[in-house]
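Note that the coordinates shown come from a computational prediction; the quantities given were computed from them, not determined experimentally. So you know, we letter chains A, B, ... as the sequences are listed, proteins then strands, and number each from 1.
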2 protein chains.
Amino acid sequence: MASDHTRSAILAAAERLYADRGFGDVTLRDIVAEAGVNLAAVNYHFGSKDELIAELFVTRSIATNRERLRELKAAEEQGGGRAPIEVILRALVGPTLRGCLGPENQRSTAARFMIRASIESVPPIRRIKNREIDHLRKFAGAMRRALPERSEVDVYWGLNFALAMAHHTIRESERLTKLSEGKCDLDDVEDVVERVVSVATMALTAGRTEVKAPAKVAAR
Amino acid sequence: MASDHTRSAILAAAERLYADRGFGDVTLRDIVAEAGVNLAAVNYHFGSKDELIAELFVTRSIATNRERLRELKAAEEQGGGRAPIEVILRALVGPTLRGCLGPENQRSTAARFMIRASIESVPPIRRIKNREIDHLRKFAGAMRRALPERSEVDVYWGLNFALAMAHHTIRESERLTKLSEGKCDLDDVEDVVERVVSVATMALTAGRTEVKAPAKVAAR
DNA sequence: GATAGTTTCATACAATTGTTTGAAATGCAA
DNA sequence: TTGCATTTCAAACAATTGTATGAAACTATC
């Protein structure tokens, strides 16, 4: 094992390049050049290109999920097992948004890598990705506890829309800036978070404030 | 020109394969095999692989935009130059959702291709994609006319969120089905359209029903 | 300081990719 | 039919990719 220097240099370079340019057009030769190591080092340390990607994704996936669950657990414990829906949604979309948006220099490579992974899903990632469903299920559970009158289906849709707004805004941030001629300030991350959270909250609570009623009609 | 048979067979096969498997892992050999034509035919008729993709994208892009604008124009003319925001949003997200979701057999290859193009944007598409901004600007204009009291920034955010929900739902439809254990019915396209439209409408009108007031505070 | 195990390196390999080539086939006008 | 342009085809080409190899360099233990 010795220094591990080569190994971690590869991981860092790969994550940076994948985050910037996507999996499609980053070759092993690009990675080793960026890392300043030999081409054969990748196969020596990771076995194959796919295993490198998988290791990268697993590591980051665990970290991101832990971050989100930490916020969620803290909120629920504080509220005696039930957190306000806004807080839950903030725990869901906040970390990713904060990691990907914001002033240029503080953008997180890890977060941008995860967004790439969620977009152009390559085989090694696709194989692992199913686990994330369990993670989302925990959020769905918390949301149902926060909105007991709400139908299960509506909660899933709200969760889906919250992730939709967060991810899409990240992916298309450049286009939104161009479309709005800079008027939408994507560097003001907390403003973006609040916009997403507030719309998702409305989607989950509108037309159903206190009522106990059947399912289908909701969220209209 | 003669029959054009080969040319259109290539276009059809390419669109189908790209829609199904993405640009990343579809080779020219896959396409010509599917089309039942010779490998060299692609370069003979289109010049290069990139030009084939570009032609496909341009054709579909024009058709999709025309479809959306047709709905929009019809609505605005009927309302004397100003359509209700719900109708505008339906014109924006309806065609794409209807094309991509719904019972297996009636899903549109064209719509799925366009979603692929919006996801894993390859160089030839990226070069053209800027034009779509002009198209979105027309929708932004109609939305501003429908919501004159609303700030410009809020309208752009509403537009962004509407597209976000539509596209994300299409992209992650499989995951939503799995997460909800089939309870979210993605075959009921009109239900999905109404959900997206209603949430986007709320995002654009909440907390600002009749008031004439400054910007920032909105959509909270 | 010799030796065994680990890591790095230049280089080669095999497979796949988009593209080109030149001949054969086809269609069409005179 | 003849002649000419268009279209199709099998085959080869050149470039790029991930991977494998075997020797060299290094590290640590005795």
My understanding is that only residues two or more places apart in sequence, or in another chain, count here; which of them pass side-chain contact (heavy atoms from CB on, under 4.5 Å) with B:Q78?
none

What integer distance in Å separates [X]:[atom1] from [N]:[atom2]?
X	N	atom1	atom2	value
B:D50	C:dT19	CG	P	7 Å
B:I10	C:dG18	CD1	P	13 Å
A:L52	D:dG18	CG	P	11 Å
A:K49	C:dT16	NZ	C1'	13 Å
B:R7	D:dT6	CZ	P	15 Å
B:H5	D:dT6	NE2	C1'	17 Å
A:F46	D:dA20	CZ	C1'	18 Å
A:L28	D:dT19	CG	C1'	9 Å

Report yes if at least one side-chain N or O of B:T6 is closer than 4.0 Å to OP1 or OP2 of D:dT8; otherwise report no.
yes

At less than 4.0 Å, is any side-chain N or O atom of A:H45 found next to OP1 or OP2 of C:dT8? Yes or no.
yes

So, [X] side chain and [Y] main chain: donor-acceptor pair closer than 3.5 Å or not?
X	Y	value
B:T96	B:V93	no
B:R60	B:A111	no
A:S121	A:S118	no

If the threshold is 4.0 Å, N to carboxylate O, is there a salt bridge linking A:R68 and A:E132?
yes

Salt-bridge test for A:E194 and A:R90: reply yes if a basic N is under 4.0 Å from a carboxylate O, no otherwise.
yes

Looking only at the side chain of A:Y44 (C-beta and beyond, no hydrogens), which of the listed nucleotides D:dA20, C:dT8, C:dT19 gets closest?
C:dT8

What pairs with B:R66 under salt bridge (charged side-chain N to carboxylate O under 4.0 Å, His left out), at least two apart in sequence or on another chain?
none

Produce the list of close N/O pairs, under 3.5 Å, pairing protein atoms with atoms of nucleotides 10-12 of chain C; give distances to one decimal.
| residue | atom | partner | partner atom | Å |
| --- | --- | --- | --- | --- |
| C:dA10 | OP2 | A:N38 | ND2 | 3.4 |
| C:dA10 | N7 | A:N38 | ND2 | 3.4 |

